[in-house]
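Notes to accompany the following structure.
Letters go in sequence order (proteins before strands), and every chain restarts at 1.
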2 protein chains.
Amino acid sequence: MADSRDSKIVIIGTGLIGASVGLNLMARKDRKYEVVGVDRSRQNARAAREAGAVDRTERYLDEALRGASMVVLAVPARAAEDLLPIMEPHVGEGAIITDTCSTKASFMAKAHEVFGNKVSVIGGHPMAGSERSGPAAASVDLFQGAAWAITPSPVASESAVRVVVGMIEAAGAVPTYVDPAEHDQIVAAVSHVPLLLSVALFKLVRDSAAWEDAEQLAGPGFRDMTRLVMGDPEMATDIVATNRESILSWLRRYQGELDTIIEALELNEEGVARLAESLKSEDEDMDDELPSTPDGLMEGLLSRARFERFMFDDRTVGRQVPKEGTETPRSGEMIGQMFMGAYLYGRLKEQLRRGEEREEAALRRSGQRPR
Amino acid sequence: MADSRDSKIVIIGTGLIGASVGLNLMARKDRKYEVVGVDRSRQNARAAREAGAVDRTERYLDEALRGASMVVLAVPARAAEDLLPIMEPHVGEGAIITDTCSTKASFMAKAHEVFGNKVSVIGGHPMAGSERSGPAAASVDLFQGAAWAITPSPVASESAVRVVVGMIEAAGAVPTYVDPAEHDQIVAAVSHVPLLLSVALFKLVRDSAAWEDAEQLAGPGFRDMTRLVMGDPEMATDIVATNRESILSWLRRYQGELDTIIEALELNEEGVARLAESLKSEDEDMDDELPSTPDGLMEGLLSRARFERFMFDDRTVGRQVPKEGTETPRSGEMIGQMFMGAYLYGRLKEQLRRGEEREEAALRRSGQRPR
């Protein structure tokens, strides 16, 4: 088998992601490369080979890297960064280095610092995973239909980028070009913060006196909202450490969103009327259309969010947007009115934010530190 | 068909839940009852009949209720309560009334006020659903394996309770007896608050400048965490209105949990050391075991939560608890140590809570209202 393979791809880290990448690489028809796996755990490496994710395993990093045409780093972000200087002496000029880490800015910066122009570094991050971990959980379909963020270094060669894009597309994923810092901000919002929100919900209920009964009654909704808790804690800790600022920034904004929802829940009809007045004073066209009850505000917010969520599904998954008329017959006018409460919610959010800004400004003026 | 049926079950509200109940009732072998559907929407009623969820539909409530042996109220909670006095003159003595509403205390109180001893009221709430709504989305399997909360009135007859339990079990669900007020507290935690947390997350990201890119990169985690947004907004608004106090109470506690997570993220090694000291001063056995880094705290919290979440799945779904050793070889001692960080997290939470209580007490003493 060795003589028909004239190049070598090395996967460092043969856990769930690394082994799934390996399964895809091994599945390529008429492949001319050998796939070699390296893992700090002999057990993981062996399991990856037995699962058919690599042709063979290599115990020593320098041996593995010698003559490698491409290296895939599928280890936690800090481990990946720590490995770069250790790898450097053994990686040949013009080689391709890519990764699957959950954060990109720090890794790309370190890679540039270590390698300069010597190799083509193309950062990557498949937006897929599983609550299971380890090579036994790997699957050739793991990345099917998933977005795969790609952050090529400015000095990476075009042919190197094409190789990585080819690997991504062969795995059924969608290469999605993004700036490394923007990537980190975005995944904080759609991936890292959701994990922490999930942990907070689960801990809150699990640690409460109500747990014995709650456990009996909890349904699919609670399970969905706490599934992320089942992910790999080592990887999650690593992510939190490498994306702390973005995560904190989004968490505070999330707290603001919750504050708004709480305010909305506490509104009475008078409060809703005041909000409506405040909006109308800015936009006369809104007259007569805004709901006048707390229910109207809430239903408007939920209807709008639901519509937008179905549109998101529709664009990314291809499911049909629900036709409002078939489930609950409403006139076109009523459908439009259904969303109007969302404008009241937006106004409330704006007022709260301005209120907080005024508070913080006052604190600063009085010499105290804002929260 | 009519002459072989000697009793009548009436389903008021033939949407997703009502029609799914109907499908189950219609599927009973050798059934001796007729299933009659009533819905404010002629379209929904017709669709339910065409889906095979009811034998026939009835336009007029009094006609439908005449001679009914059991009535299933499958409409939003406030509508159900409003219907009770309207139903009363037409429901015969000894009839069974059950419901599927998402809150129980208010409904049971109203039913007692309206009916007294005249009928057997057995409150019910199937912990199942779908992001789809309407009779076309109904399924005979909707309740399979789901918990179904049951709150029999103290004056309900035993035979009536057996009938309702029989209906629940025939649908594949698990009858779960609970006090109405406790039920409302619990579902606020495991169902209603998760919905609002989901809405907050989706709105936060959807309304942000990052949405265009976030939409491309959002993966299964974000989808799971925002799936609840796709539920019926009318039903959700009704739930929020009828369970407001419980929801607000849990939301504030959730904010406290998020505050703790934010504090944990902002800790440096010195902060972690102080926490550890504070714990050790109370429990000398903890000496030498507590982690000394922010990473240690975070990984402890996440590991413990993950373990508990798998145990929850295992008990309720029957899946296997992951064997730590097979995925990431660790010694038994290391596994134990992995959880120690969770104690530090618990200490931090306690300190924050006490800090807030001192603040509120101080505010009260100075004559101001706590937040």
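Between A:Arg206 and B:Glu257 there is no salt bridge, since none of the side-chain N atoms of the basic residue sits less than 4.0 Å from a carboxylate O of the acidic one. The residues B:Arg353 and B:Glu359 are annotated as not salt-bridged, no charged nitrogen and carboxylate oxygen being separated by less than 4.0 angstrom. The pair A:Lys349-A:Glu263 does not meet the salt-bridge criterion, since no charged nitrogen lies less than 4.0 angstrom from a carboxylate oxygen. Here B:Arg40 pairs with B:Glu234 in a salt bridge; the nearest charged N to carboxylate O distance falls below 4.0 Å. Contact check on B:Asp184 versus B:Lys104 returns no salt bridge, with no Lys/Arg side-chain nitrogen under 4.0 Å from an Asp/Glu carboxylate oxygen.
Contact of the A:Trp148 side chain with the A:Met127 side chain is not registered, since no non-hydrogen atoms from C-beta on lie closer than 4.5 Å.
The two atoms that bring B:Leu258 and A:Ala200 nearest to each other are CD2-CB, 4.1 Å, heavy atoms only. For the residue pair A:Arg78 and A:Thr237, the shortest heavy atom distance occurs at NH2-O, 4.1 Å.
Contacts of B:Ser191 with chain A are absent, with no heavy-atom separation under 4.5 Å from either backbone or side chain. Contact of B:Asp207 with chain A is made through the side chain alone, with heavy-atom distances under 4.5 Å. Only the side chain of B:Ile261 comes within contact range of chain A, with at least one heavy atom under 4.5 Å from a heavy atom of that chain. Neither the backbone nor the side chain of B:Ala136 comes within less than 4.5 Å of any heavy atom of chain A. Proximity to chain B (any heavy atom under 4.5 Å) is shown, for A:Leu201, by both the backbone and the side chain. Heavy-atom distances place the side chain of A:Leu228, and not its backbone, under 4.5 Å from chain B. Contacts between A:Glu182 and chain B at a heavy-atom distance below 4.5 Å involve the side chain alone, from C-beta outward. B:Tyr254 touches chain A through backbone and side chain together, each having a heavy atom under 4.5 Å away. Looking at B:Ala218, both its backbone and its side chain come within 4.5 Å of chain A, counting heavy atoms on both sides. Only the side chain of B:Arg244 comes within less than 4.5 Å of a heavy atom of chain A; its backbone N, CA, C and O stay farther away. If you measure heavy-atom distances from B:Ile186 to chain A, the contacts under 4.5 Å come from the side chain alone. Contact of A:Val229 with chain B is made through backbone and side chain together, with heavy-atom distances under 4.5 Å. For B:Leu297, no part lies near chain A; criterion is any non-hydrogen pair under 4.5 Å. Of the two parts of B:Leu197, the backbone and the side chain both hold a non-hydrogen atom closer than 4.5 Å to a non-hydrogen atom of chain A.
Proximity of the aromatic rings of B:Phe312 and A:Trp211 is defined here by a centroid distance below 6.0 angstrom, and this criterion is met.
Ranked by non-hydrogen atom pairs under 4.5 Å with chain A, the options B:Leu302, B:Asp238, B:Val240 are led by B:Leu302. Contacts with chain A were tallied for B:Val199, B:Val187, B:Val174, B:Val193; B:Val199 has the most, counting heavy-atom pairs under 4.5 Å. Chosen from B:Ala236, B:Ser208, B:Ala241, the residue pairing most often with chain A at heavy-atom distances under 4.5 Å is B:Ser208. For the set B:Thr176, B:Leu196, B:Asp213, B:Leu265, the count of heavy-atom pairs under 4.5 angstrom toward chain A peaks at B:Leu265. For the options B:Thr260, B:Leu251, B:Thr226, B:Val205, heavy-atom pairs under 4.5 Å to chain A are most numerous at B:Thr226. Between chain A and the residues B:Ala305, B:Gly219, B:Gly346, the largest count of heavy-atom pairs under 4.5 Å involves B:Ala305.
Considering B:Gln185, B:Gln255, B:His192 in turn, B:Gln185 is the only one that fulfils the side chain to side chain donor-acceptor pair (under 3.5 Å) rule with B:Trp250.
The distance from the CZ atom of B:Phe307 to the CZ atom of B:Phe339 is 5.0 Å, given to the nearest 0.5 Å.
Judged by a 6.0 Å distance limit and a 45° cone about the ring axis, A:Arg304 is positioned over the six-membered ring of A:Tyr343.
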